[in-house]
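Presented below is the structure to which this report refers.
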Amino acid sequence: MSSLAGKRIVITRPRDKAQELCQDLEARGALPILLPTIGIEPIEDNARLDRAIAEITTYDWIIFTSANGVVAFWQRLVKAGITSASLDTLSIAAIGPATASSLRARGFKVRCMPEEFVAERILGTIGDVRGKRILLPRADIARKAVVKELEAAGALVDDIAVYRTVPANLDAAALAEVRTGVDVVTFTSSSTVKNFHGMFGGAPAGALIACIGPITARTATELGYHVDVLSEDYTTDGLIRALEAHFTAQPIPVT
């Protein structure tokens with residue numbers, strides 16, 4: 001039996017991205033509570049992206065930092081009548097296996113993926129970028145660190161927002177579930193932390209905080225949360241393994 005059996009675990013990622021995590025937790029006997037704190041919306045009026053797509057073959061690299069960015073870019077590409085196969089001559093990089101999987105599912109060829117799934121590690125993976133044109137289709141609130149590093153290395157970067165992260169509509173039933181008591185609150189991105197904090201102002205009493213990756217954990221810490229579980233593997237599978245390891249290590253109370 002999994003050490004997660006009977007644990008009430010809050011999932012704060014967008015509803016359309018949470019199904020697999022919910023199923024995996026349920027398979028281990030956990031009781032997932034889906035409380036999306038963010039939603040994802042494409043940027044419909046996006047002249048910058050349209051111009052980039054019109055001249056897409058002039059880029060040397062396209063770097064995708066999330067599956068959401070892949071979907072938004074691909075939808076715009078299809079609308080322009082361009083196939084993913086038309087981009088085979090370009091070098092495409094993906095941050096993380098979920099991003100790479102989303103690309104491959106749409107016919108893109110992934111040339112490289114950094115071992116550590118954070119955008120700042122891409123520079124050491126793609127090599128010399130001096131004079132290279134690089135397209136970054138990302139979220140409207142994406143951190144600028146990777147842009148600064150690429151530009152400092154001599155790259156010509158087009159950092160274009162292709163989707164926006166918005167606060168999710170409040171789910172009254174899920175809010176009530178959280179307020180009755182939970183064992184863990186999980187965060188998969190900085191925006192999930194920030195919007196959860198806007199809802200509750202802090203962690204539910206007695207709940208552990210579990211984060212994917214150091215950037216999410218840093219945001220949680222800055223907002224006053226104590227991060228109890230940190231997944232070094234920046235995937236939901238890694239998060240589950242980290243939670244199981246945490247609860248397996250806890251002493252069983254004597255009754």
Side-chain angles (χ1 to χ4, degrees), residues 14 16-17 38-166 188-191 213 215 234-235:
D16 62 342
K17 302 293 183 183
I38 61 171
I40 303 298
E41 295 180 353
I43 297 175
E44 298 296 347
D45 185 13
N46 200 334
R48 285 194 68 210
L49 178 58
D50 290 339
R51 285 195 298 271
I53 287 176
E55 56 186 42
I56 196 67
T57 56
T58 67
Y59 288 95
D60 298 289
W61 282 93
I62 307 177
I63 301 173
F64 291 94
T65 60
S66 72
N68 290 322
V70 173
V71 172
F73 176 84
W74 178 76
Q75 289 174 340
R76 206 73 174 191
L77 198 70
V78 170
K79 188 176 180 179
I82 300 173
T83 66
S84 53
S86 302
L87 276 61
D88 283 355
T89 58
L90 306 184
S91 296
I92 294 177
I95 308 299
T99 305
S101 177
S102 184
L103 282 163
R104 294 186 181 110
R106 290 165 176 80
F108 295 98
K109 294 181 179 178
V110 179
R111 178 170 171 180
C112 71
M113 181 177 70
E115 291 184 7
E116 189 177 1
F117 308 147
V118 291
E120 288 86 337
R121 299 296 178 265
I122 195 67
L123 192 57
T125 306
I126 65 177
D128 187 2
V129 295
R130 283 175 294 180
K132 303 293 186 182
R133 290 197 72 198
I134 297 177
L135 177 61
L136 273 173
R138 306 195 296 163
D140 59 336
I141 59 172
R143 294 174 301 109
K144 298 300 182 182
V146 66
V147 177
K148 293 178 180 178
E149 290 189 8
L150 288 168
E151 289 179 339
L156 307 172
V157 182
D158 282 341
D159 182 24
I160 300 179
V162 298
Y163 70 94
R164 60 173 56 93
T165 300
V166 298
T188 56
S189 68
S190 290
S191 53
I215 294 167
Y234 309 159
T235 64

Does some side-chain heavy atom of [Y] sit less than 4.5 Å from a side-chain heavy atom of [X]?
| X | Y | answer |
| --- | --- | --- |
| L136 | V157 | yes |
| L103 | I92 | yes |
| P14 | K17 | yes |
| R138 | S66 | no |
| T165 | N68 | no |
| L150 | L156 | no |
| P137 | W74 | no |
| I215 | S190 | yes |

Take M113 and I95 through the side chain to side chain contact (heavy atoms under 4.5 Å, CB included) test and state the conclusion after the steps. CA-CA 6 Å; M113 181 177 70; I95 308 299; over 6 Å; no
At their closest point, which heavy atom of [X] faces which heavy atom of [Y], and how far apart are they?
| X | Y | result |
| --- | --- | --- |
| A98 | A67 | O-CB, 4.2 Å |
| R111 | S91 | NH1-OG, 2.6 Å |
| K132 | D60 | CA-OD2, 3.3 Å |
| N46 | A161 | ND2-O, 2.8 Å |
| V129 | A153 | CG2-CB, 3.6 Å |
| Y163 | G69 | CE2-N, 3.4 Å |

Would T99 and S102 count as having a side-chain donor-acceptor pair, cut-off 3.5 Å?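 On atom types as modelled, these side chains do not qualify, holding no pair under 3.5 Å.
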Is it the case that S84 and R106 place a side-chain donor and acceptor less than 3.5 Å from each other?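 Side-chain D/A pair, S84 to R106: absent.
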Show, in sequence, the C-alpha distance, side-chain angles and deciding distance for V146 and T65, and conclude whether the side chain to side chain contact (heavy atoms under 4.5 Å, CB included) test is met. CA-CA 10 Å; V146 66; T65 60; 5.6 Å; no
When rounded to the nearest 0.5 angstrom, what distance separates [atom1] in [X] from [atom2] in [Y]?
| X | Y | atom1 | atom2 | answer |
| --- | --- | --- | --- | --- |
| E44 | Q75 | CD | CD | 8.5 Å |
| I141 | S189 | CD1 | OG | 7.5 Å |
| D140 | R164 | CG | CZ | 6.5 Å |
| L87 | I62 | CG | CD1 | 4.5 Å |

Taking NZ, NE, NH1 and NH2 as the nitrogens, is one of them in K109 or D88 under 4.0 Å from a carboxylate oxygen of the other?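 Judged by the 4.0 Å cut-off on N to carboxylate O distance, K109 and D88 do form a salt bridge.
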Are R133 and E55 within salt-bridge range, i.e. N to O under 4.0 Å?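 Counted as a salt bridge, because a side-chain N and a carboxylate O are separated by less than 4.0 Å.
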State whether the number of non-hydrogen atoms from other residues, nucleotides or ligands found under 6.0 Å of K144 atom NZ is greater than 12.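 Enclosed: over 12 neighbouring heavy atoms sit under 6.0 Å from NZ of K144.
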Taking L135 as the fixed residue, which of I56, L90, I53 is the one that meets the side chain to side chain contact (heavy atoms under 4.5 Å, CB included) rule?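 For L135, the side chain to side chain contact (heavy atoms under 4.5 Å, CB included) test succeeds with only one of I56, L90, I53, which is I56.
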Would you call the rings of F73 and F64 parallel, tilted or perpendicular if under 30° counts as parallel and over 60° as perpendicular?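 Answer is perpendicular, since the angle exceeds 60°.
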